[in-house]
2 protein chains.
Amino acid sequence: MPPSSTVENYLKEVYLGVGRLPAGATLLPMGQLASALGVAPGTATTMVKALAESGLVDYEPYNGVRLTAAGTRLAATVLRRHRLVELFLVQVMGMRWDEVHDDAEHLEHVVSDRLIDRIDEMLGHPETDPHGDPIPGKEGTIRERHFETLLTCPVGTRVVVARVSDQDPVFLRFVERHGLKPGQVVSVEARDEVADAVQLRGADETLFTLGARAASKLLVDVTPEAAAAATPAAGRSAAPRR
Amino acid sequence: MPPSSTVENYLKEVYLGVGRLPAGATLLPMGQLASALGVAPGTATTMVKALAESGLVDYEPYNGVRLTAAGTRLAATVLRRHRLVELFLVQVMGMRWDEVHDDAEHLEHVVSDRLIDRIDEMLGHPETDPHGDPIPGKEGTIRERHFETLLTCPVGTRVVVARVSDQDPVFLRFVERHGLKPGQVVSVEARDEVADAVQLRGADETLFTLGARAASKLLVDVTPEAAAAATPAAGRSAAPRR
DNA sequence: ACGGCGATTTTGACTAATCAAAAATACAAC
DNA sequence: GTTGTATTTTTGATTAGTCAAAATCGCCGT
């Protein structure tokens with residue numbers, strides 16, 4: 001009667017997939033879902049139809065899939081477990097932020113409510129995980145803040161990295177090397193449309209360049225409050241402010 | 001290619017089941033395996049035949065099942081994960097020893113080598129879990145010590161509880177209330193064959209009685225060294241000495 | 001308004017794990 | 001020795017999840 005890991009994974013991917021949809025769209029195409037889950041397209045269709053039966057998703061043949069309220073609640077608890085576990089592995093177990101994803105991927109399906117509450121408490125009810133992703137509340141409430149990216153934010157300002165939307169360890173280590181972890185400050189020096197790149201100055205004053213693809217994965221907070229809050233303890237800090 | 005949780009559970013139960021066999025026997029009857037796993041007898045037969053195919057167990061139709069060397073190694077790593085996780089949940093997460101079994105039952109199948117090594121290190125390479133069960137080594141080595149029980153040990157001696165062989169939360173809380181956790185000291189005052197009971201005196205001098213069934217679940221160390229090592233810090237300590 | 005192509009669904013088949021119930025077996029008792 | 005009973009194995013079926021490949025659909029471009 002508890003949802004299987006498979007069901008949890010489908011719901012989680014629908015949630016994340018819908019979030020990545022171009023503005024306006026709300027239906028996730030089956031192909032995207034299938035490839036996110038690493039299954040054949042037909043498999044996704046079959047499973048989604050079953051999920052629709054159980055009232056966890058709305059399914060429009062040939063159009064795509066979206067979560068119902070019940071599905072969203074379940075997806076949120078999975079995401080909550082995943083993100084709390086990730087933060088726990090970094091903060092308490094001393095693992096690197098680029099190596100916790102796979103463990104969390106498995107643990108998210110087996111940690112009990114008792115244990116996850118204990119973890120939540122032990123971490124002081126954190127709001128974001130090591131990548132800056134928001135941690136849903138106990139009752140399945142998610143508040144997704146809207147952020148600019150290094151590709152869209154105003155040039156010439158100091159911004160605070162808020163979120164890194166890529167779990168690839170190689171990319172994460174690159175981000176870390178350049179002082180771009182959530183909570184760290186960076187200045188956008190220039191943006192060159194033609195070269196498809198962004199010029200940045202790190203907290204340590206070093207200059208470096210990021211391609212558009214990479215830059216768009218770094219979500220930043222451009223509000224002056226954020227900059228003010230982050231500046232003092234700029235350095236190596238792991239957990240994002242706020 | 002990694003063994004499924006189901007396979008891991010079968011191997012674990014074969015290991016534990018064989019351990020509970022009367023002296024001399026080495027083959028676990030299918031019925032016992034099936035009921036330990038909570039599956040129908042026929043299911044166990046089918047699965048065990050498959051395990052025999054893969055060289056993890058020796059199977060003698062109508063006689064029972066036993067682990068091969070490869071099967072033992074695998075069972076040991078599962079037990080290692082289970083017991084390290086249990087100790088971790090008690091020691092680091094602050095959970096009670098009577099409530100960690102179920103979580104460990106699930107976690108044992110998903111914790112990565114990296115994480116389990118981290119846990120092992122964080123706990124200082126412990127030798128036993130909160131119930132006194134030995135934690136197999138990284139390479140699948142298990143050293144099962146032989147213990148007396150409160151039913152078989154000499155009367156009139158001070159003994160140290162070494163291991164509690166029952167995971168039932170109600171029993172565990174009872175054990176705790178009477179100061180019988182691993183590492184704690186107790187004196188065997190008298191044993192009454194007819195009444196089927198054992199008279200005990202706890203570290204705090206209170207007298208109480210245990211039925212044979214319960215007494216046989218408490219494994220004790222009767223060596224003087226153990227008593228000497230345990231006496232000083234008798235009290236509430238959770239982890240067993242040595 | 002038609003052709004074609006890419007995305008989607010359907011179909012048929014497979015694997016792992018399970019159960020209930022029927023058949024077979026071991027062994028103890030007579 | 002035969003028989004009875006408890007245990008074990010076999011059989012036939014079921015469920016969840018999956019794939020490959022065939023069929024179908026939606027829609028874009030002319």
Below 3.5 Å, can you tabulate the donor-acceptor pairs from side chains in residues 40-52 of chain A to any protein atom, sequence neighbours excluded?
from, atom 1, to, atom 2, distance (Å)
A:Thr45, OG1, A:Pro41, O, 3.3
A:Thr46, OG1, A:Gly42, O, 2.8

What does the inter-axis angle of the helix from C:dA1-D:dT30 to C:dC30-D:dG1 come out as, five pairs per end, nearest 10 degrees? 10°

Electrostatic pair B:Asp120:B:Lys138 at N-O distance under 4.0 angstrom: no

Distance-only donor-acceptor pairs under 3.5 Å for side chains of residues 9-31 of chain B, two or more places apart:
from, atom 1, to, atom 2, distance (Å)
B:Asn9, OD1, B:His109, NE2, 3.1
B:Asn9, ND2, B:Ser5, O, 3.4
B:Lys12, NZ, B:Glu105, OE2, 2.4
B:Lys12, NZ, B:Glu108, OE1, 3.4
B:Lys12, NZ, B:Glu108, OE2, 2.7
B:Tyr15, OH, B:Glu144, OE2, 2.8
B:Thr26, OG1, B:Arg66, NH1, 2.7

Quick check: do B:Asp221 and B:Phe147 have side-chain heavy atoms less than 4.5 Å from each other? yes

Side chains of A:Arg114 and B:Met95: closer than 4.5 Å at any heavy-atom pair? yes

Interatomic distance, B:Leu33 CG vs C:dT18 C1' [rounded to whole Å]: 14 Å

Sub-4.0 Å heavy-atom contacts from residues 1-23 of chain A onto DNA chain C, ordered by number: none

Other residues, nucleotides, ligands: >12 heavy atoms within 6.0 Å of A:His106 NE2: no

Can you check whether A:Leu150 reaches A:Val159 side chain to side chain, under 4.5 Å on heavy atoms? yes

Which nucleotide of DNA chain D is the first, and which the last, in the 5' to 3' direction, to come under 4.0 Å of a heavy atom belonging to chain B? D:dT8 to D:dT10

Non-hydrogen side-chain atoms of B:Glu86 and B:Gln167 separated by less than 4.5 Å: yes

Separation of atom OH in B:Tyr62 from atom P in C:dC27, rounded to whole Å: 11 Å

Once you measure the plane-to-plane angle for A:Trp97 and A:His131, does it fall in the parallel (<30°), tilted (30-60°) or perpendicular (>60°) bin? parallel

Which label fits A:His178 and A:Phe174: parallel for a plane angle under 30°, tilted from 30 to 60°, or perpendicular past 60°? tilted

Does any non-hydrogen side-chain atom of A:Asp133 lie less than 4.5 Å from one of A:Arg163? yes

Do any of residues 35-59 of chain B sit with a heavy atom less than 4.0 Å from DNA chain C, and if so which? B:Gly38, B:Val39, B:Ala40, B:Thr43, B:Met47

Determine, for B:Glu8 against B:Arg81, whether the closest basic-nitrogen to carboxylate-oxygen distance falls under 4.0 angstrom. yes

By nearest heavy atom, map A:Asn63 and B:Gly64 onto DNA chain D; which one lands nearer the 5' end? B:Gly64

For B:Glu176, is there an ion pair with B:Arg96 - N to carboxylate O distance below 4.0 angstrom? no

